Amino acid sequence: MASTTWAFFKGQQVPLEEANVRVDTHALHYGTAAFEGVRGNWNEEHGKVYIFRLREHYERLIRGCKILRMDIPYSVDDLCQITVDLLERNGFAEDVYIRPLAYKSEEAVANLKLHTLASDFTLMILPFGAYIEAEGAIKCQTSSWRRPDDSMMPTGVKITGLYTTSILAKTEAVMAGFDEAILLNHDGSVSEGSGENLFMINNGEIHTPFETANALLGITRDSVMTLAKKELGIDIVQRRINRSELYLADEVFLTGTAAHLTPVGRIDNRDIGDGSTGPLTQQLQDIYFECVTGKNPDYMDWCTGVTPGGG
Ligand code: PMP
């Protein structure tokens with residue numbers, strides 16, 4: 001591994017330790033930023049890191065920028081190129097996590113007006129293994145924290161301030177001995193995990209909360225819906241899901257860039273199915289992993305291959 005980790009900051013590649021903001025930076029005080037979490041998956045045989053659906057991540061980032069009135073001087077194409085260049089420079093020959101951040105960079109704290117504040121873009125890339133440490137099917141807790149409603153804070157994009165709720169929920173769950181939290185909407189319907197979308201399987205049908213259930217519009221969610229349709233002929237149904245339906249489901253799984261496709265074996269101390277990874281979840285997980293690691297030729301347009309060190 002290269003000795004210096006490089007970041008992209010104020011328009012250029014700099015060593016990560018030099019990519020610093022001042023303490024009066026607006027985003028630090030008010031959560032006025034939008035971020036992305038992107039994975040690069042190492043394929044040993046090809047000698048490449050495959051970045052999964054890079055363009056779609058930047059399209060979502062730009063949607064977050066629009067909502068927060070952040071003008072950053074880069075197009076989606078520019079952002080993809082900046083990312084590929086930085087990954088090459090870092091030379092990682094392993095799985096990586098890519099963290100773009102568009103933020104209100106103005107050094108001004110007593111100001112609550114988005115439209116008068118300058119914005120900037122920064123990017124870092126770090127080696128990254130498993131996000132959820134537990135092996136196999138995980139244990140979830142229904143959180144005492146509710147997913148904010150889109151009328152309170154935009155929920156379909158990754159605005160940093162919104163993550164306070166996810167972090168409260170995840171902390172509560174892990175401190176109580178669970179692996180992950182499931183958040184309900186204010187009306188009691190199921191929304192999503194603290195950093196993942198949720199799917200439920202019953203009698204071979206797969207259901208997930210509506211796009212309007214305040215969940216993030218996940219790129220892994222979209223990928224799994226496409227794979228279920230194309231590879232298994234299953235149309236995933238979007239609908240309102242009640243908490244107790246989860247307890248009675250045959251299978252439940254979570255999807256997210258960091259968590260990949262994670263089976264859920266227990267919710268609120270009740271086994272889901274027999275408590276282990278269900279057969280349809282396993283099948284989808286296998287298909288998904290082939291795609292994200294650049295091993296399925298039919299889905300190479302989802303992968304951006306990067307050779308460590310360039311070339
Ligand atoms: N919900 C939340 C709250 C998230 O943070 C994430 C991770 N980005 C997801 C769902 C899954 O989204 P994606 O598949 O795009 O990573």
Side-chain angles (χ1 to χ4, degrees), residues 31 33-41 50-64 67 76 79 83 95-102 126 128 130-132 138 140 142-143 145-150 152-173 179-185 189-200 208-228 236 238 241 252-262 264 284-285 287-289 291-292 299 302-304:
F35 71 104
E36 273 306 316
V38 190
R39 260 193 192 265
N41 302 293
Y50 285 111
I51 309 175
F52 191 62
R53 303 194 72 178
L54 182 58
R55 170 162 279 278
E56 289 86 341
H57 280 282
Y58 278 125
E59 286 168 355
R60 186 169 63 189
L61 185 84
I62 296 296
R63 292 202 291 277
I67 291 176
V76 169
L79 293 167
T83 307
D95 293 345
V96 295
Y97 188 70
I98 300 167
R99 168 51 59 83
L101 181 77
L126 302 167
F128 192 56
Y131 170 67
I132 294 181
I138 64 166
C140 292
T142 305
S143 185
W145 296 97
R146 296 287 168 107
R147 177 75 178 164
D149 190 88
D150 190 77
M152 303 164 182
M153 168 107 73
T155 53
V157 291
K158 289 174 75 77
I159 290 178
T160 56
L162 181 63
Y163 278 75
T164 311
T165 308
S166 286
I167 289 165
L168 286 166
K170 175 91 179 191
T171 304
E172 176 188 63
D179 302 308
E180 186 51 281
I182 294 171
L183 287 91
L184 305 180
N185 289 305
S189 62
V190 174
S191 180
E192 60 173 350
S194 72
E196 306 87 12
N197 292 114
L198 181 143
F199 292 81
M200 175 182 92
T208 193
F210 282 126
E211 289 206 348
T212 47
N214 303 311
L216 184 74
L217 302 181
I219 290 160
T220 321
R221 174 185 188 271
D222 177 73
S223 308
V224 165
M225 291 175 86
T226 302
L227 293 173
I236 295 185
Q238 301 184 53
I241 295 177
V252 172
F253 64 87
L254 301 174
T255 63
T257 296
H260 289 305
L261 196 161
T262 298
V264 175
L284 277 167
Q285 195 184 46
I287 296 169
Y288 163 82
F289 270 117
C291 293
V292 298
Y299 296 92
W302 280 352
C303 297
T304 305

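Counting starts at 1 for both ligands and their atoms, in listed order. Side chains are part of it too, since the values below use all heavy atoms of this structure and drop only hydrogens, waters and symmetry mates. Values in this document were obtained by computation on a predicted structure and should not be read as measured data.
A donor-acceptor contact shorter than 3.5 Å links the side chain of Arg147 to the backbone of Thr155. The main-chain N or O of Ala181 is never found under 3.5 Å from a side-chain atom of Ser194 such that the two would form a donor-acceptor pair. Checking side-chain atoms of Arg221 against main-chain N and O of Thr255 turns up no donor-acceptor pair under 3.5 Å.
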Could you list each N/O atom of ligand 1 together with any protein N/O atom closer than 3.5 Å, one pair per line with the distance?
from	atom 1	to	atom 2	distance (Å)
ligand 1	1 (N)	Glu192	OE1	2.6
ligand 1	5 (O)	Lys158	NZ	3.2
ligand 1	5 (O)	Tyr163	OH	2.5
ligand 1	8 (N)	Lys158	NZ	2.6
ligand 1	14 (O)	Ile219	N	3.2
ligand 1	14 (O)	Thr220	N	2.8
ligand 1	14 (O)	Thr220	OG1	2.6
ligand 1	15 (O)	Arg60	NH1	2.8
ligand 1	15 (O)	Arg60	NH2	3.0
ligand 1	15 (O)	Ile219	N	2.7
ligand 1	16 (O)	Thr257	N	2.9
ligand 1	16 (O)	Thr257	OG1	2.6

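Under the 30°/60° scheme for interplanar angles, the aromatic rings of Phe199 and Phe253 are found to lie parallel.
Between Phe35 and Tyr163, the gap from one ring centroid to the other is short of 6.0 Å.
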Name the atoms and distances for all side-chain donor-acceptor pairs under 3.5 Å in residues 209-218, with sequence neighbours left out.
from	atom 1	to	atom 2	distance (Å)
Asn214	OD1	Asp150	N	3.0
Asn214	ND2	Asp149	OD1	3.4
Asn214	ND2	Asn185	OD1	2.9

